[in-house]
Amino acid sequence: MSKEQALSDKKIQAIRGMNDLLPDQSPYWQYFEAQVQTLMQRYGYAEVRMPIVEQTALFARSIGEVTDIVEKEMYTFDDRNGDSLTLRPEGTASCVRAAMQHGLLHNQTQRLWYQGPMFRHERPQKGRYRQFHQVGVETFGLEGPDIDAELILLSARLWKQLGLLEHVTLELNSLGSLEARAAYRDTLVAYFEQHLDLLDEDSRRRLTSNPLRILDSKNPDMAAMLDAAPQLMDHLDAESREHFEALTATLDAAGIGYVINPRLVRGLDYYSRTVFEWTTSALGSQGTVCAGGRYDGLVEQLGGKPTPAVGFAMGIERLILLLETLDLVPDEATPSLDLYLLGMDAAASREALLLGETLREALPALRVQVHCGGGSFKSQIKKADKSGARLALLLGENELAEGSVTVKFLRDEREQCSLPRDGLAAALSELLNVA
RNA sequence: GUGGAUGUAGCUCAGUGGUAGAGCCCCGGAUUGUGGCUCCGGUGGUCGUGGGUUCGAUCCCCAUCAUCCACCCCA
């Protein structure tokens, strides 16, 4: 079978690892996004929105040429003029680019956030998709540990709001300054080279690409050797140590629990000093729900003035999965109808449609659905019930003749009643307690 | 990229080498203008796709695509 034939015969479906968000799920997302938006406003962070596509070089230069993300996970293609473009695999690089390009970093500090889709060509799995969504938070121009602490407090407040705080763990580490990190890296590589025979295949590969990540290995055969490896914490420069100690002291004072994980190494090259991760054990192997750190060198690396920066990103799919798993989405997050209007015949149906408009005009908070598509009276009432509405408003010949509506209580044991259409809004407002 | 499991109705799943079933959903009826419960009836499937073996394949074999789980990676 030719490729063309295969394409034409095949049902068209979504790209692997890229999901549709359907009506039963969208309320969860709206709930989460609303929580995030108000939280950011409460901390004085401003939203930015960047394009989904950037020049490939932006990611290669920021994330690191030899990381897995850049080497084999990016959606990269040529634009019609031959430029190499890439669907963003993460948001920080774009955000830095945007902030630099528009002078947001010129002698000022910034607290920014964004959200949107990211793209990585990985094998899909629970909590890991090729198009996934992140909320990113980035701050610029602030070098002290106070802003590191603020970001962690902000994220902790979000977990608290969502009811997740007791289900996630904060892991902390410091990578030291870029210089200290580079020196430690050399020490570590030297150590591993002495124990080459103990390294598994993956780790040998990482010896040249990202030796720090070997520390993170799950291979039990390597555990003893890794335990004996030189510790990052012992190789911190004095300033980084001070920075880290100030951060933990602030977290202690704020009552935020954490675990210092000397093996916590973020995968992206641009991190230095503080790195942290919020993890959960409730999601299987993709347990990192939020992660970030300091990247003081990145702005300069991308051609800007040296600018301290810290940020983090949350994985929205993972957080929503967690909220679902733990049944933490409140019922109010799924909005239900107040009224379902229906008419017995064509004339009454048209009247119902118009009455719906009148009521929405008078009571903006009212949630009203008008039956469309005809059908028997009985089937229309069934639909009213299924809609979840609290009341059904029935219109028929009698109601049209006397200018009334029949109000049927769908959720209460209460006799239906007749109300005049004059002043109906006021009567319903009282009945439903809706403004 | 590697390993394993699974693809049958819109959904959740039975099933057999002789071209298919249940429950839920949906539609209609029992109830001339009244939902939820009950009863009766009905719509709906190229058994993921392509090929092979066979008189005959949804079932056996191969390939492919998709989903899930783990590795890897990471949010």
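Naming convention: chains lettered A, B, ... in sequence-line order (proteins, then strands); numbering from 1 in each chain.
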Distance, rounded to the nearest Å, where A/Gln25 contributes CD and B/rC11 contributes C1'
15 Å

Pairwise C1' distance for B/rG44 and B/rA5, with rounding to whole Å:
30 Å

Please indicate whether A/Glu397 has more than 12 foreign heavy atoms, meaning atoms of other residues, nucleotides or ligands, lying under 6.0 Å from its CD.
no

Please report the distance separating the P of B/rG50 from the corresponding atom of B/rU58, rounded so that it comes out in whole Å.
11 Å

Taking the same atom, P, in B/rU49 and in B/rU8, what whole-Å distance lies between them?
10 Å

Among A/Glu73, A/Met118, A/Arg16, find the residue that satisfies the side chain to side chain contact (heavy atoms under 4.5 Å, CB included) test when tested with A/Arg130.
A/Arg16

Give me, pair by pair, the N or O atoms of the protein and of nucleotides 33-36 of chain B that are less than 3.5 Å apart, along with how far apart they are.
residue: B/rG33; atom: O6; partner: A/Asn398; partner atom: N; Å: 3.0
residue: B/rG33; atom: O6; partner: A/Asn398; partner atom: OD1; Å: 2.8
residue: B/rG33; atom: O6; partner: A/Asn398; partner atom: ND2; Å: 2.2
residue: B/rG33; atom: N1; partner: A/Glu399; partner atom: OE1; Å: 3.0
residue: B/rG33; atom: N1; partner: A/Glu399; partner atom: OE2; Å: 3.4
residue: B/rG33; atom: N2; partner: A/Glu399; partner atom: OE2; Å: 2.6
residue: B/rU34; atom: O2; partner: A/Lys408; partner atom: NZ; Å: 2.8
residue: B/rU34; atom: O2; partner: A/Gln416; partner atom: OE1; Å: 3.2
residue: B/rU34; atom: N3; partner: A/Gln416; partner atom: OE1; Å: 2.8
residue: B/rU34; atom: N3; partner: A/Gln416; partner atom: NE2; Å: 3.2
residue: B/rU34; atom: O4; partner: A/Gln416; partner atom: NE2; Å: 2.7
residue: B/rG35; atom: OP1; partner: A/Lys378; partner atom: NZ; Å: 3.0
residue: B/rG35; atom: O2'; partner: A/Asp385; partner atom: OD2; Å: 3.1
residue: B/rG35; atom: N7; partner: A/Lys408; partner atom: NZ; Å: 3.3
residue: B/rG35; atom: N1; partner: A/Leu410; partner atom: O; Å: 3.3
residue: B/rG35; atom: N2; partner: A/Asp385; partner atom: OD1; Å: 2.9
residue: B/rG35; atom: N2; partner: A/Leu410; partner atom: O; Å: 2.3
residue: B/rG35; atom: N3; partner: A/Asp385; partner atom: OD1; Å: 3.4
residue: B/rG36; atom: O4'; partner: A/Asp385; partner atom: OD2; Å: 3.4

Name the nucleic acid region contacted by A/Gly388, choosing base, sugar-phosphate or nothing; use a 4.0 angstrom heavy-atom cut-off, strictly under.
nothing

Pairing of RNA chain B as dot-bracket, 5' to 3': ( ) intra-strand, [ ] crossing, | other strand, . unpaired, with Watson-Crick or G-U pairs under 3.5 Å?
(((((((..((((....[..)))).(((((.......))))).....(((((..]....))))))))))))....

Yes or no on side-chain hydrogen bond (donor to acceptor under 3.5 Å, both in side chains) for A/Ser84 and A/Gln55, after CA distance, side-chain angles and deciding distance?
CA-CA 6 Å; A/Ser84 181; A/Gln55 290 184 26; over 6 Å; no

Determine the Euclidean distance between corresponding P atoms of B/rG3 and B/rG21; express it in Å to zero decimal places.
40 Å

A/Asp186 vs A/Val189 side-chain heavy atoms within contact, under 4.5 Å
no

Listed partners of A/Arg206 passing side chain to side chain contact (heavy atoms under 4.5 Å, CB included), at least two apart:
A/Asp202, A/Ser203, A/Ser209, A/Arg213, A/Ile214, A/Ser217

Looking at A/Ser94 and A/Glu90, what are the two nearest heavy atoms and their distance?
OG-O, 4.2 Å

What's the gap between B/rC55 and B/rU2 when it is taken at their P atoms, as a whole Å value?
38 Å

Should the ring pair A/Tyr45 and A/Tyr43 be called parallel, tilted or perpendicular, given that the plane angle runs from 0 to 90° and is split at 30 and 60?
perpendicular

Going by the side chain to side chain donor-acceptor pair (under 3.5 Å) test, which pairs reach into residues 308-335 of chain A, not counting sequence neighbours?
A/Gln25-A/Glu324, A/His133-A/Glu317, A/Gln286-A/Arg318

Say we look at B/rA63 and B/rC24: how far apart would their C1' atoms be, to the nearest angstrom?
36 Å

Say you pick atom P in B/rG42 and the same atom in B/rA22; how far apart are they, in whole Å?
10 Å

List the residues meeting ring-ring contact (aromatic ring centres under 6.0 Å, His included) with A/Tyr295, not counting sequence neighbours, and say none if there are none.
A/Tyr270

Closest approach of A/Pro51 to A/Arg97 (non-hydrogen atoms, all atoms of both residues)
CD-NH1, 4.1 Å

P gap between B/rU31 and B/rC68, integer Å:
49 Å

Report, as a single string ordered 5' to 3', how protein heavy atoms within less than 4.0 Å touch nucleotides 68-75 of chain B: B base, S sugar-phosphate only, - not at all.
-SBBBBBB

